[in-house]
Amino acid sequence: LRRTLAVLVALVALTAACGDDDPAEPSGAPTTSTPTSSPTASSSTTTSSTSTSTTTATSTSTTTSMRAAAVSTTTPARPALASVRIGLVRAGVFDQPLDLKWCAGHAHPLVAEKGGRIRRLDGRQVLDLTGSVSNGGEQGLLGIACSPDGRFLYVDYTDRNGDERLDEYPLPASDVLDRRAARNLLTIPDPAPNHNGGGLLFGPDGKLWYALGDGGGAGDQYDNGQNRNTLLGKLVRIDPRPAAGRPYSSPADNPFARGGGRPEIAIYGLRNPWRFSFDRATGDLWIGDVGQGRVEEIDRLPAGRILGANLGWPYFEGTHRYRSGSPPAGAIGPVFQYGRDQGQAVVGGYVYRGGAIPALRGAYVYTDTYQPSLRAIVVESGRVTQFRDLGVRVPGLVASFAEGPSGELYVLSLSGGIYRIDRR
Ligand SMILES: [Ca+2]
């Protein structure tokens, strides 16, 4: 019964995950209906025949005034998606797991449950924030990240006021966190319950990166995407330790560190960058930015061309114009996008760098909450050269991916399952 309830809660909660049923959606805005069929009603493919009718790479459909994301670094591996054969190996069952992270020096990875609990993968509870977390819709305990030295755990969640909060906890050898030791770094007023972002991780630069949605409602009604004076609609990049009497500091190479906007901002023009990752081999940044009503967007920023990027929301939704008026100069378009035939809430994943599935090495793996078949793209010289539905459907609705210490990938279902992606 509990599992059934959890699934129902997840279904209800995530119908708001894309912009389509935003309560404040203006009439006449592009919309699609909430999916009414069971997630399992869609076909599970075992071939690469999934429709690509609305799948486009920016290189072939770039709207005027957007430049292609990339001039690219050549990746060492050459994946061969057509020969990839994978399956799922269950690694655990949790209550709406949203994040899974390994911490240096700690044997057991940690799982964040949407409702506010953090557990080790072996099930042991290490923190209970259920009394502090709002858990409606897209709200909840949304992300965790371990400091590179394994001494601190960072936690982001929607608080009881509906605002987004980032806290630090000392991470002891026992893994059990002391609530009283929490140190608040950021509390970001959030005007609406949707579009909260939540992705949290340390980049290859050793900085803490934190994704925040545009605040919510629909159509960026609060005008946050291009507003450099708010952290909403941004990827934030900070040194999270106290410095100069402040709870954290902003790196001097952040684009607005010396003025022109909030110094914490790394990237702007985002709608709801729910999940993002860095390619551990190249340092490229990948973002799954959930679309408004037309396309789901995957952005790739090559290492060295990340800081200060403007991804164009709300003037662009993917490569399509969205808000009228003069778009920002130099807005960067997605490397890949897909339409409503393939889903309505992209879940950004990782570039696979593990050892178990050689043909997948170097490909970016992602999915969609509502059509959770695992998919992959290969980008070479800034262009998508391979796309494939990998023929594995994840049970339930999918929320997140995770990357293990050796580069193996995991996928987390809101129905509870955490699965390792393995060769079949
Ligand atoms: Ca919000």
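Both ligands and their constituent atoms are indexed starting at 1 by order of listing. For the numbers below, each heavy atom of this structure counts, side chains included, while hydrogens, waters and symmetry mates do not.
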Donor + acceptor pair across side chains of T385, R383 (<3.5 Å)
no
Work out how many protein N, O or S atoms lie closer to the Ca ion (ligand 1) than 3.0 Å.
6
Please enumerate all residues that pass side chain to side chain contact (heavy atoms under 4.5 Å, CB included) together with P109, with sequence neighbours excluded.
L100, W102, L121
Sequence neighbours excluded, which residues qualify as side-chain hydrogen bond (donor to acceptor under 3.5 Å, both in side chains) partners of S147?
D149
Does the separation of the ring centres of Y366 and W286 fall below 6.0 angstrom?
no
Is a donor on one side and an acceptor on the other found under 3.5 Å between the side chain of N227 and the backbone of N229?
yes
For residues 161-171, which residue pairs qualify under salt bridge (charged side-chain N to carboxylate O under 4.0 Å, His left out), counting only residues two or more places apart or in two chains?
R165-D167, E168-R183, E168-R241
